[in-house]
Amino acid sequence: MLQRDYTTSQLDVLEAEAIHIMREVAAEFERPCLLFSGGKDSIVMLRIAEKAFWPAPIPFPLMHVDTGHNFTEVIEFRDRRAAQLGARLVVASVQDSIDAGRVVEETGRRASRNRLQTTTLLDAIEENEYDAVFGGARRDEEKARAKERVFSFRDDFGQWDPKNQRPELWNLYNARIRKGEHIRVFPLSNWTELDIWDYIRREGIEIPSIYYAHTRKVFERDGMLLADSEFIIRDEDEPLQEMTVRYRTVGDVTCTGAVQSGAATVEAIIEEIAVSRITERGATRADDRASEASMEDRKREGYF
């Protein structure tokens, strides 16, 4: 007798939930957009969007808040992937915000444009009248992000108040907003870093080469391996070393650290992550080390 297996894998459950969320947003909101940086989480989110609306094109634009200090490999991938899909890519430039006097660029040894992204993001949302913005944040990344709902309400100043969020019982989402307000939507909230990589393996998704082990000139600062870059001021006591590294997360060059690794395939990365006891942001993001509540402070101001 023919035996049928009706069991559903964890990835199938997560994928179905994310597809449901994206379709809800497309049905409830007038002008959504999807944040796409070329990083692994936004790449997975883009694949989910493809599946959610196939064979129709993705019914909303992609947007990247570009600090101007990003890794070349990631920007090249971002542009190529958007072109392959025929999607409209909106690039919100931090440099434009600096030139317009909207923000003041930091100076000094630890200067970074990462925090300046908030103003650029909020200006782009207002200019384009987006009422829902998909983000690739996951609850396992950082304790402030663990507080997020799937539909994260933002007031007319773009601010996040963790005490003023809406219940989401039985996966029912409240999409009601007034003019000027918007919702940040996180379809990957319940995914883990390991889920992301398992999904990349299962789907055969292409990702930027920076995620795989490669030889790069780096230097150590505060226990992190930062890339040799024209955007970082390096002191005399921070000598360059040529090492085999990869990146668990990608962002602004000035605050994103590499990890020593020989993992050159998705399978090897999965094995490496499975035994890691440090979160990707905890290990490689200097911007999260500014204070105990640095991410929550930025989120209250309007950060992703």
Side-chain angles (χ1 to χ4, degrees), residues 4-64 81-82 84-88 125 128-142 144-154 160 162 164-178 181-205 207 299 304:
R4 290 184 172 86
D5 183 3
Y6 293 105
T7 58
T8 304
S9 73
Q10 170 72 357
L11 286 183
D12 289 332
V13 172
L14 291 171
E15 180 189 67
E17 178 188 52
I19 287 174
H20 166 69
I21 291 165
M22 287 201 167
R23 289 173 175 169
E24 280 289 300
V25 169
E28 294 280 353
F29 293 92
E30 294 183 5
R31 295 179 64 86
C33 79
L34 185 149
L35 293 175
F36 180 66
S37 64
K40 68 182 187 310
D41 299 304
S42 65
I43 291 170
V44 167
M45 193 165 56
L46 190 59
R47 172 57 63 88
I48 297 292
E50 284 185 86
K51 288 193 169 188
F53 304 105
W54 181 262
I58 296 173
F60 35 75
L62 315 181
M63 181 169 71
H64 181 215
R81 189 74 184 101
Q84 286 174 348
L85 290 174
R88 183 166 73 92
I125 291 173
N128 292 282
E129 298 182 338
Y130 295 135
D131 52 4
V133 181
F134 288 107
R138 310 187 318 271
R139 292 188 179 120
D140 76 320
E141 289 182 88
E142 202 273 343
R145 285 182 165 166
K147 296 180 181 181
E148 282 281 19
R149 303 293 171 89
V150 174
F151 274 37
S152 178
F153 172 75
R154 304 300 172 107
W160 175 68
N164 184 27
Q165 299 298 315
R166 298 162 177 180
E168 294 180 342
L169 302 175
W170 307 292
N171 290 340
L172 298 175
Y173 305 110
N174 185 343
R176 294 181 181 179
I177 57 173
R178 294 177 295 187
E181 299 171 342
H182 70 277
I183 299 286
R184 305 282 174 87
V185 184
F186 302 109
L188 307 182
S189 288
N190 294 325
W191 298 52
T192 66
E193 183 184 9
L194 193 57
D195 291 328
I196 292 292
W197 282 104
D198 276 337
Y199 192 76
I200 288 170
R201 173 175 61 180
R202 189 184 84 172
E203 298 290 309
I205 300 173
I207 57 173
K299 286 176 68 61
F304 315 125

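- Using a 4.5 Å heavy-atom cutoff, the side chains of Asn190 and Val13 are not in contact.
- Atom CG of Leu34 and atom CE of Met22 lie 5.0 Å apart (nearest 0.5 Å).
- The minimum heavy-atom distance between Ile21 and Pro187, with the atom names listed, is CD1-CA, 3.9 Å.
- The closest side-chain heavy-atom distance from Ile207 to Arg81 is not below 4.5 Å.
- By the side chain to side chain donor-acceptor pair (under 3.5 Å) test, Arg176 pairs with no residue at all, sequence neighbours left out.
- For Arg149, the side chain to side chain donor-acceptor pair (under 3.5 Å) test picks out no residue, with sequence neighbours left out.
- Take Arg202 and apply the side chain to side chain contact (heavy atoms under 4.5 Å, CB included) test, not counting sequence neighbours, and it matches Ser9, Leu11, Asp12, Glu15, Lys51, Tyr199.
- Taken from CG in Asp195 to CG in Leu188, the straight-line distance is 10.0 Å, to the nearest 0.5 Å.
- The shortest heavy-atom contact between Gly135 and Leu35 is CA-CD1, 4.4 Å.
- Taking the side chain to side chain donor-acceptor pair (under 3.5 Å) definition, one finds that Arg201 meets it with Asp198, sequence neighbours left out.
- Inter-residue side-chain proximity for Tyr173 and Ile183 is flagged as unmet; no heavy-atom pair is nearer than 4.5 Å.
- Judged as a ring-ring contact (aromatic ring centres under 6.0 Å, His included), and not counting sequence neighbours, Phe36 has no contacts.
- Across every non-hydrogen atom of Ser37 and Gly39, the tightest pair is OG-N, 3.1 Å.
- When all heavy atoms are compared, the tightest approach of Val133 to His182 is CG2-CD2, 4.3 Å.
- Residues passing the side chain to side chain contact (heavy atoms under 4.5 Å, CB included) test with Ser152 are Glu148, Arg154, Trp160, Gln165, Arg184, Phe186, sequence neighbours excluded.
- With values rounded to the nearest 0.5 angstrom, Leu172 atom CG is found 8.5 Å from Glu24 atom CD.
- Of all heavy-atom pairs between Cys33 and Phe60, the closest is CA-CB, 4.2 Å.
- Looking at residues two or more places apart in sequence or on another chain, you find a side chain to side chain contact (heavy atoms under 4.5 Å, CB included) between Ala175 and Glu28, Phe29, Phe151.
- Under the rule for a salt bridge (Lys or Arg N to Asp or Glu O under 4.0 Å), Glu129 has no partner lying at least two apart in sequence or in another chain.
- With rounding to the nearest 0.5 angstrom, the CD1 atom of Ile196 is 4.5 Å from the CG atom of Asp41.
- Take Asp140 and apply the salt bridge (Lys or Arg N to Asp or Glu O under 4.0 Å) test, not counting sequence neighbours, and it matches Arg138.
- Shown here are the side chain to side chain contact (heavy atoms under 4.5 Å, CB included) partners of Glu30, two or more places apart in sequence or in another chain: Asp131.
- A distance of 10.5 Å separates CD in Glu141 from OG1 in Thr192, rounded to the nearest 0.5 Å.
- Residues passing the side chain to side chain donor-acceptor pair (under 3.5 Å) test with Asn128, sequence neighbours excluded: none.
- Distance CD1/Ile19 to CH2/Trp54: 13.5 Å, rounded to 0.5 Å.
- Listed here is the closest heavy atom pair of Arg166 and Asn174: NH1-O, 3.1 Å.
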